[in-house]
Amino acid sequence: MLQDNYYQVEDRVKKACLRAGRDRKEVTLIAVSKTKPVSMLEEIYETGERDFGENKAQELKMKYENMAKDIRWHMIGHLQTNKVKYIADKVAMIHSVDSVRLAEVISREAGKHDRVLPVLIEVNVAEEESKFGVRVQDAEALIRQIAELPNIHVNGLMTIAPFVDDPGENRLVFRKLKELSVDIASKNINNVSMIDLSMGMTGDFEVAIEEGATLVRVGTAIFGAREYNI
Ligand SMILES: *Cc1c(COP(=O)(O)O)cnc(C)c1O
């Protein structure tokens, strides 16, 4: 059942890539497993999926400890500085960096494990008050500061688009994030590469792929609705 959901999402990812003239390998499907039990993650793992997304440090840590070590864990939620230590040695990437202070702590904790941690800068493209993330016009300055840190590498940008009924309404949000990444890439900032664009969720991942997403974060369409809505 769960695996059928996964294969349906995978099929939609593949078709969106085809429509956009992109290679399927350019897009990583992240199974967003927050709030879901390890048993459900195991079922999805059996399909060959290896990228999982979580939004709470302790939950990620618990699942990391209980699951196979070839999983790439993505921290996609707002991260408090005092929680970084739980995950600095466990995550493949942190998608939600939006302040120098948080970046400093990530760099320090990653350094303790002799790692250079890839991070994405979260951009609040739609300027929703409820959302975390740096504003488009402040992104470059923030990235220049973060780029100075020794144990962090800026790999690209991330955004959470608004909840909308028609996914097409988010096309311009995704396009704007892509434009910002092209703009920042053109500045050739040391220690910054605009390789990744993390955008698109259950409601709009196909549009995001058409607009250049390299990482899509899909929860509900794979695991079903969550008990609480985040
Ligand atoms: C929960 C979450 C997702 C997945 O949302 P769905 O609509 O269930 O696919 C994606 N990104 C972030 C940052 C999330 O917190």
Side-chain angles (χ1 to χ4, degrees), residues 6 8-32 49-53 55 72 74-77 92-98 118-128 131-144 146-147 153-189 191-222:
Y6 177 81
Q8 275 165 22
V9 170
E10 170 53 36
D11 195 52
R12 288 168 62 189
V13 169
K14 200 182 300 158
K15 288 187 172 129
C17 287
L18 262 178
R19 272 199 305 280
R22 302 181 62 193
D23 191 323
R24 171 67 188 87
K25 293 195 196 69
E26 289 174 33
V27 181
T28 299
L29 168 59
I30 299 173
V32 175
E49 172 67 32
R50 291 296 178 269
D51 291 89
F52 288 83
N55 71 339
R72 290 177 292 275
H74 297 259
M75 181 66 200
I76 62 172
M93 186 181 277
I94 298 176
H95 292 228
S96 44
V97 176
D98 63 356
V119 303
L120 306 179
I121 304 304
E122 180 170 355
V123 185
N124 186 358
V125 177
E127 301 201 356
E128 290 180 283
K131 297 265 166 75
F132 294 103
V134 64
R135 292 184 306 172
V136 169
Q137 61 267 38
D138 300 329
E140 184 184 335
L142 176 65
I143 288 169
R144 285 188 185 280
I146 292 176
H153 182 80
V154 179
N155 248 53
L157 307 176
M158 176 273 220
T159 198
I160 303 175
F163 286 99
V164 289
D165 290 327
D166 171 12
E169 286 177 47
N170 280 336
R171 189 176 294 280
L172 290 181
V173 170
F174 298 142
R175 198 167 288 174
K176 211 162 162 186
L177 192 72
K178 170 76 184 185
E179 283 167 6
L180 179 63
S181 90
V182 170
D183 181 43
I184 291 172
S186 75
K187 310 280 162 92
N188 290 316
I189 305 166
N191 199 28
V192 173
S193 35
M194 287 288 124
I195 297 167
D196 281 317
L197 274 184
S198 171
M199 56 188 195
M201 306 168 35
T202 289
D204 54 20
F205 68 86
E206 288 148 305
V207 176
I209 289 169
E210 288 166 15
E211 296 300 326
T214 65
L215 300 156
V216 290
R217 312 177 306 264
V218 180
T220 307
I222 296 174

Q) Rounded to the nearest 0.5 Å, how far apart are NE2 of His95 and CD1 of Ile121? A) 12.0 Å

Q: Not counting sequence neighbours, which residues clear salt bridge (Lys or Arg N to Asp or Glu O under 4.0 Å) with Lys15? List them please.
A: Asp11

Q. Who passes side-chain contact (heavy atoms from CB on, under 4.5 Å) against Ala139, sequence neighbours left out?
A. Val134, Leu180, Ile184

Show the atom names and distances, to 0.1 Å, of all donor-acceptor pairs under 3.5 Å that link a side chain in residues 164-173 to residues at least two apart or in another chain.
| unit_1 | atom_1 | unit_2 | atom_2 | d |
| --- | --- | --- | --- | --- |
| Asp166 | OD1 | Gly168 | N | 2.9 |
| Asn170 | ND2 | Pro162 | O | 3.0 |
| Asn170 | ND2 | Asp204 | OD2 | 2.9 |
| Arg171 | NH1 | Glu210 | OE1 | 3.1 |
| Arg171 | NH1 | Glu211 | OE2 | 2.8 |
| Arg171 | NH2 | Glu210 | OE1 | 2.8 |

Q: Working to the nearest 0.5 Å, report the span between CG of Leu120 and CE of Met93.
A: 5.0 Å

Q. Of all residues at least two apart in sequence or in a different chain, which pass the side-chain contact (heavy atoms from CB on, under 4.5 Å) check with Glu206?
A. Arg12, Ala16, Arg19

Q. Can you name the residues that form a side chain to side chain donor-acceptor pair (under 3.5 Å) with Thr214, not counting sequence neighbours?
A. Asp196

Q: Measure across Ala147 and Val192 and return the closest heavy-atom pair with its distance rounded to 0.1 Å.
A: CB-CG2, 3.6 Å

Q: Please report the shortest heavy-atom distance between Ile76 and Met158, naming the atom on each side.
A: O-CE, 3.5 Å

**Q.** side chain to side chain donor-acceptor pair (under 3.5 Å) against Thr159, all qualifying residues, sequence neighbours excluded
**A.** none

Q: Give the intermediate values and the outcome of side-chain contact (heavy atoms from CB on, under 4.5 Å) for residues Ile143 and Leu157.
A: CA-CA 10 Å; Ile143 288 169; Leu157 307 176; 4.0 Å; yes

Q | For Gln8, side chain to side chain donor-acceptor pair (under 3.5 Å) partners two or more places apart | A | none

Q: Provide the closest heavy-atom pair for Leu197 versus Gly212 in the form atom of the first, atom of the second, distance.
A: CD1-O, 3.6 Å

Q | side chain to side chain donor-acceptor pair (under 3.5 Å) involving Lys178 - partner list, sequence neighbours excluded | A | none

Q. Is Leu18 close to Arg24 at the side-chain level, that is, under 4.5 Å between some pair of heavy atoms?
A. no

Q: Grab the two heavy atoms, one from Gly219 and one from Thr202, that are nearest each other, plus how far apart they are.
A: N-OG1, 3.7 Å

(Q) Tell me if the NZ atom of Lys131 is crowded by more than 12 foreign heavy atoms within 6.0 Å. (A) yes

Q. How far apart are the closest heavy atoms of Asp98 and Phe132, and which atoms are they?
A. OD2-CB, 3.5 Å

Q) Got a sec, which residues hit side-chain contact (heavy atoms from CB on, under 4.5 Å) with Arg50, two or more places apart in sequence or on another chain? A) Tyr45, Asp70, Arg72

Q: Return yes if some donor-acceptor pair links the side-chain N/O of His153 with the main-chain N/O of Asn191 below 3.5 Å, else return no.
A: yes

Q. Short question: side chain of Arg217, backbone of Ser198 - any donor-acceptor pair under 3.5 Å?
A. yes

Q: Return the minimal non-hydrogen interatomic distance between Ala161 and Phe174, and the atom names on each side.
A: CB-CE2, 3.8 Å

Q | Any donor-acceptor N/O pair, Ser96 side chain to Glu122 backbone, under 3.5 Å | A | no

Q.
So does Leu142 get a backbone contact from the side chain of Asp138, meaning a donor-acceptor N/O pair under 3.5 Å?
A. no

Q. Does any non-hydrogen side-chain atom of Leu29 lie less than 4.5 Å from one of Tyr6?
A. yes

Q | Partner residues of Glu140 under the salt bridge (Lys or Arg N to Asp or Glu O under 4.0 Å) criterion, sequence neighbours left out | A | Arg144, Lys187

Q | Rounded distance (nearest 0.5 Å) linking atom CE of Met201 with atom CD1 of Ile30 | A | 12.0 Å

Q | Residues which pass side-chain contact (heavy atoms from CB on, under 4.5 Å) with Glu127, listed by chain and number, not counting sequence neighbours | A | Arg135, Gln137

Q: Output all residues satisfying ring-ring contact (aromatic ring centres under 6.0 Å, His included) with Phe52, sequence neighbours left out; order by chain, then residue number.
A: Trp73

